[in-house]
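For the single chain, residues carry numbers from 1 onward in sequence order.
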Amino acid sequence: MRDKSFYKEKAETIKNDVLEIQKKGEIFNIEDPFNSYPGIYDAIREFVHLVFAFNPGLPLNKELESLSNLRFKSAAVGGRIDFVQKDFDKVISKIDFFIHYLDTYVD
């Protein structure tokens with residue numbers, strides 16, 4: 001197993017990637033019209049595998065399963081609801097928790 005710093009640095013890099021994708025905003029791609037935030041699903045996949053590689057038995061792995069259900073789409077039902085922001089917040093919160101876990105519980 002690699003040391004804690006490897007996992008922390010990778011998690012921080014993935015977080016920065018997610019924030020950069022969010023900052024770029026919605027991008028329409030005619031070849032992939034259902035993926036308005038190119039790279040987000042790759043970043044999520046990378047993070048899920050990072051946590052699993054760190055510890056397959058970590059309870060956080062179960063929570064990360066829900067990230068694959070995020071769609072990064074807004075809705076206009078009785079006014080615009082920004083599900084995109086909520087989806088990005090969910091991803092960032094999981095990454096932040098993993099970094100917190102490493103800092104708090106791992107030597």
Side-chain angles (χ1 to χ4, degrees):
M1 184 165 106
R2 297 176 189 236
D3 67 348
K4 168 180 137 175
S5 64
F6 169 81
Y7 294 97
K8 184 175 179 181
E9 288 171 16
K10 284 292 284 179
E12 289 171 345
T13 298
I14 294 168
K15 179 181 176 180
N16 289 334
D17 292 346
V18 170
L19 291 171
E20 187 61 32
I21 292 165
Q22 182 182 26
K23 184 176 155 184
K24 286 180 184 176
E26 194 170 356
I27 298 171
F28 180 74
N29 180 354
I30 195 149
E31 295 175 10
D32 192 4
F34 299 108
N35 184 4
S36 300
Y37 294 88
I40 190 62
Y41 296 112
D42 293 334
I44 290 170
R45 184 179 308 112
E46 186 73 23
F47 179 62
V48 168
H49 284 272
L50 177 70
V51 175
F52 188 84
F54 175 73
N55 181 348
L58 195 64
L60 180 59
N61 284 301
K62 185 72 174 162
E63 292 180 39
L64 297 181
E65 291 175 10
S66 67
L67 296 181
S68 66
N69 297 326
L70 300 178
R71 293 292 158 237
F72 299 92
K73 300 282 181 202
S74 294
V77 178
R80 187 173 170 85
I81 300 172
D82 193 0
F83 290 113
V84 173
Q85 182 62 47
K86 291 180 181 186
D87 288 349
F88 274 105
D89 289 347
K90 287 176 187 174
V91 174
I92 295 300
S93 73
K94 301 299 184 196
I95 297 171
D96 283 342
F97 180 79
F98 182 61
I99 293 169
H100 163 76
Y101 177 86
L102 293 171
D103 287 339
T104 306
Y105 301 107
V106 179
D107 293 329

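Put simply, CG on L19 and CD1 on I14 are 12.0 Å apart, with the number rounded to the nearest 0.5 Å. Taking CG of L58 as the start and CG of L64 as the end, the distance is 8.5 Å to the nearest 0.5 Å. Here CD1 of I21 is found 9.0 Å from CD1 of I27. Values are rounded to the nearest 0.5 Å. Interatomic distance, CD1 of I92 versus CD of Q85, reported as 9.5 Å (0.5 Å rounding). Note that the OG1 atom of T13 and the NZ atom of K15 stand 12.0 Å from one another [nearest 0.5 Å]. To the nearest 0.5 Å, atom CD of residue E12 and atom OG of residue S5 are 10.5 Å apart.
More than 12 heavy atoms of other residues, nucleotides or ligands sit less than 6.0 Å from atom CZ of F28. Under a cut-off of 6.0 angstrom, the local environment of CZ in F52 is sparse, with at most 12 non-hydrogen atoms contributed by other residues, nucleotides or ligands. Around atom NZ of K4, more than 12 heavy atoms belonging to other residues, nucleotides or ligands sit under 6.0 Å away.
The heavy-atom pair separating A11 from L50 by the smallest distance is N-CD2, 3.6 Å. Contact detail for N61 and P56: the closest heavy-atom pair is ND2-O, 3.3 Å. Residues A43 and V18 come closest through the heavy atom pair CB-CG2, 3.9 Å. Listed here is the closest heavy atom pair of Y7 and R2: CE1-O, 3.4 Å.
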- Task: List the steps, then state whether side chain to side chain contact (heavy atoms under 4.5 Å, CB included) holds for L70 with F88.
- Result: CA-CA 9 Å; L70 300 178; F88 274 105; over 6 Å; no
- Message: Is there a side chain to side chain contact (heavy atoms under 4.5 Å, CB included) between F83 and K73? Walk through the geometry before answering.
- Response: CA-CA 6 Å; F83 290 113; K73 300 282 181 202; 5.9 Å; no
- With side chain to side chain contact (heavy atoms under 4.5 Å, CB included) as the test, would you mind laying out the steps for D42 and R45 before giving the verdict? CA-CA 5 Å; D42 293 334; R45 184 179 308 112; 2.9 Å; yes
- Task: Please test V91 against D87 for side chain to side chain contact (heavy atoms under 4.5 Å, CB included), starting from the C-alpha separation and ending with a verdict.
- Result: CA-CA 7 Å; V91 174; D87 288 349; 5.9 Å; no
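Considering Q22, E20, E26 as possible partners of K24, the one that fulfils the side-chain contact (heavy atoms from CB on, under 4.5 Å) test is E20. Here the rule is side-chain contact (heavy atoms from CB on, under 4.5 Å) with Y101, and of V106, L60, V51 only V106 fits it.
Residues that satisfy the ring-ring contact (aromatic ring centres under 6.0 Å, His included) test with F98, not counting sequence neighbours, are F47, F54.
Comment: D103 engages K8 in a salt bridge, judged by a side-chain N to carboxylate O separation of less than 4.0 angstrom. Under a 4.0 Å N-O distance rule, the pair D89/K86 does not qualify as a salt bridge.
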